[in-house]
Amino acid sequence: MNAELFSKEAERMAEKLGNEGKNFKGKIDKNKSSQIRKFYDELVRLADEVRHAPERWPLIEPRVHMLVAKAAYASGRGLVSDGFRGFIQDGATSVSNPEELQIWKDYFESIIGFFKMKYPKD
């Protein structure tokens with residue numbers, strides 16, 4: 001794992017998502033924190049579920065991948081950018097066990113922290 005995943009990498013991703021979400025007036029109209037939070041909350045729920053019942057991983061893993069379809073839907077409705085959709089797709093498809101799910105969740109949490117610092121009034 002990259003030692004800077006939860007610091008520099010997370011901050012770069014937060015900036016990317018914020019910049020992609022801005023309209024021509026500089027106001028965020030995609031990737032709003034409430035929309036991002038919906039995906040993070042779902043990821044937390046899945047990570048907690050597998051943490052409490054690791055034997056259920058084969059049933060939880062497909063639901064992790066379902067986040068890709070949900071991100072595509074949100075992208076199609078103009079709620080998230082293509083970059084956010086790609087972030088969800090890359091994350092979900094790279095997770096193959098509960099430990100990787102936890103790392104992705106922690107990375108996502110770090111991104112949200114930097115996002116709120118940089119874009120407090122989206």
Side-chain angles (χ1 to χ4, degrees):
M1 178 173 34
N2 179 347
E4 297 178 338
L5 183 64
F6 304 131
S7 58
K8 290 181 181 178
E9 293 297 321
E11 187 170 9
R12 276 192 279 266
M13 180 57 78
E15 285 179 11
K16 176 183 178 188
L17 295 178
N19 288 331
E20 286 181 354
K22 290 180 183 176
N23 62 21
F24 67 95
K25 293 181 179 179
K27 184 180 181 211
I28 292 183
D29 64 354
K30 291 184 182 180
N31 301 340
K32 291 186 176 184
S33 61
S34 59
Q35 191 61 225
I36 292 172
R37 190 69 195 215
K38 287 179 185 181
F39 284 88
Y40 174 71
D41 289 346
E42 177 71 11
L43 189 58
V44 167
R45 194 180 63 68
L46 293 169
D48 284 348
E49 189 175 337
V50 78
R51 188 169 40 87
H52 293 299
E55 71 281 359
R56 292 184 43 84
W57 174 246
L59 300 172
I60 295 167
E61 186 177 18
R63 292 179 19 226
V64 171
H65 287 267
M66 181 67 175
L67 289 172
V68 176
K70 290 179 179 185
Y73 177 75
S75 176
R77 292 191 59 218
L79 300 173
V80 299
S81 68
D82 287 340
F84 182 78
R85 185 179 52 78
F87 164 72
I88 294 295
Q89 183 170 349
D90 291 346
T93 57
S94 70
V95 169
S96 62
N97 60 56
E99 293 78 21
E100 291 172 349
L101 180 62
Q102 183 65 42
I103 291 168
W104 186 35
K105 182 193 80 74
D106 292 345
Y107 176 51
F108 205 156
E109 181 179 358
S110 299
I111 291 168
I112 289 174
F114 285 112
F115 191 88
K116 279 310 262 183
M117 179 189 77
K118 292 176 179 298
Y119 310 99
K121 296 183 182 190
D122 66 343

field: side chain to side chain contact (heavy atoms under 4.5 Å, CB included) evaluation trace for D82 with S75
entry: CA-CA 7 Å; D82 287 340; S75 176; 3.4 Å; yes
query: Between Q35 and F84, is a side chain to side chain contact (heavy atoms under 4.5 Å, CB included) present by the stated rule, with each step listed?
result: CA-CA 10 Å; Q35 191 61 225; F84 182 78; 5.8 Å; no
message: Pair E42, K38 - check salt bridge (Lys or Arg N to Asp or Glu O under 4.0 Å), show working.
response: CA-CA 6 Å; E42 177 71 11; K38 287 179 185 181; over 6 Å; no
- prompt: So N31 and F87, side chain to side chain contact (heavy atoms under 4.5 Å, CB included) or not? Walk me through it.
  reply: CA-CA 12 Å; N31 301 340; F87 164 72; over 6 Å; no
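Of all the heavy atoms in E61 and V95, the pair that sits closest is OE2-O, 3.7 Å. Between F115 and L17, the shortest heavy-atom contact is CE1-C, 4.1 Å. Here the closest non-hydrogen pair linking A14 and F114 is CB-CB, 3.6 Å. Nearest heavy atom pair, residue Y107 against residue E9, reads OH-O, 3.7 Å.
By the criterion of side-chain heavy atoms lying less than 4.5 angstrom apart, applied directly or through intervening Ile, Leu, Val, Met, Phe, Trp or Tyr residues, V50 is not grouped with V68; the two fall into different hydrophobic clusters. Under a hydrophobic-cluster definition in which Ile, Leu, Val, Met, Phe, Trp and Tyr are linked whenever side-chain heavy atoms come within less than 4.5 Å, directly or via other members, V80 and Y73 are assigned to different clusters.
Remark: the backbone N or O of G83 is paired with a side-chain donor or acceptor of E20 at under 3.5 angstrom.
The line from CE of M13 to CD1 of I111 is 5.5 Å long, rounded to the nearest 0.5 Å.
Every residue meeting the side chain to side chain contact (heavy atoms under 4.5 Å, CB included) condition with K118, not counting sequence neighbours, appears here in chain and number order: E11, E15. Under the side chain to side chain contact (heavy atoms under 4.5 Å, CB included) criterion, R51 pairs with D48, not counting sequence neighbours. Remark: L43 engages L67, L101, W104, K105, F108 in a side chain to side chain contact (heavy atoms under 4.5 Å, CB included) (not counting sequence neighbours). Applying the side-chain hydrogen bond (donor to acceptor under 3.5 Å, both in side chains) test to N2 and every residue at least two apart in sequence or in another chain returns nothing.
Within the hydrophobic cluster formed by Ile, Leu, Val, Met, Phe, Trp and Tyr side chains joined at under 4.5 Å, directly or through other members, M66 stands alone, with no partner residue.
Looking at heavy atoms from C-beta onward, I112 lies in side-chain contact with R37 at the 4.5 angstrom threshold. Using a 4.5 Å cut-off on side-chain heavy atoms (C-beta onward), L5 and I103 make contact. In this structure the side chain of R45 never reaches within 4.5 angstrom of the side chain of D41, judged on heavy atoms. Using a 4.5 Å heavy-atom cutoff, the side chains of K22 and Y119 are in contact.
Each side-chain hydrogen bond (donor to acceptor under 3.5 Å, both in side chains) pair with one or both residues in residues 84-99, not counting sequence neighbours, appears once here: S96-E100.
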